[in-house]
> 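My questions will all concern the structure given below.
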Amino acid sequence: MRIIMKTEIIEQRLQTIKNELHSLDSLRDAHDDTNIHIIEEQQDILYHERQKLTDLLESCFDELIGL
């Protein structure tokens with residue numbers, strides 16, 4: 001049961017990251033090139049966090065099914 005709650009929290013954060021990335025894409029499209037590097041840095045941070053959470057989520061599922 002604890003693993004299921006943990007996976008739900010991870011999935012919620014992954015959804016939040018997806019929404020944040022979408023917002024940053026829109027923001028980047030609306031700005032000139034001088035400000036894009038700040039937006040891209042934030043996107044890189046979110047991409048990295050998303051990958052770590054995806055790996056953690058896969059680990060939880062492996063643990064849940066006994067691998």
Side-chain angles (χ1 to χ4, degrees):
M1 190 66 160
R2 192 171 150 207
I3 292 174
I4 292 172
M5 290 178 66
K6 186 176 183 180
T7 59
E8 288 174 0
I9 292 168
I10 294 169
E11 288 171 343
Q12 287 172 355
R13 179 61 185 146
L14 286 170
Q15 183 62 43
T16 300
I17 290 172
K18 178 182 174 185
N19 293 339
E20 288 178 19
L21 286 169
H22 179 72
S23 294
L24 287 170
D25 281 337
S26 298
L27 185 62
R28 185 181 62 198
D29 291 343
H31 281 78
D32 59 17
D33 290 339
T34 58
N35 295 323
I36 288 179
H37 72 281
I38 296 168
I39 296 168
E40 289 175 342
E41 287 175 7
Q42 184 62 34
Q43 286 177 312
D44 286 342
I45 292 168
L46 290 170
Y47 287 134
H48 183 71
E49 182 182 358
R50 181 178 68 183
Q51 184 58 51
K52 288 174 70 174
L53 289 173
T54 300
D55 293 344
L56 182 59
L57 190 60
E58 289 175 1
S59 169
C60 288
F61 284 131
D62 288 348
E63 187 178 329
L64 188 63
I65 62 173
L67 290 180

> Under the side chain to side chain contact (heavy atoms under 4.5 Å, CB included) test, which residues partner Leu27, sequence neighbours left out?
Leu24, His31, Ile39
> Apply side-chain hydrogen bond (donor to acceptor under 3.5 Å, both in side chains) to Asp55 and list each qualifying residue two or more places apart in sequence or on a separate chain.
Gln51
> How close do Leu46 and Ile17 get, heavy atom to heavy atom, and via which atoms?
O-CG2, 3.8 Å
> Quick one: CD on Glu11 to SG on Cys60, what's the gap to the nearest 0.5 Å?
9.5 Å
> Mind checking the NZ-OG1 spacing from Lys52 to Thr54? Nearest 0.5 Å is all I need.
12.0 Å
> If you measure from CD1 on Ile9 to CG on Leu57, what distance do you get to the nearest 0.5 Å?
11.5 Å
> According to salt bridge (Lys or Arg N to Asp or Glu O under 4.0 Å), does anything in residues 35-50 pair up with another residue at least two apart or in another chain? List the pairs.
Arg13-Glu49
> Who are the side-chain hydrogen bond (donor to acceptor under 3.5 Å, both in side chains) partners of Gln12, not counting sequence neighbours?
none
> Do Ile38 and Ile45 sit in one hydrophobic cluster, given that two such residues count as connected whenever their side-chain heavy atoms are within less than 4.5 Å of each other, even indirectly?
no
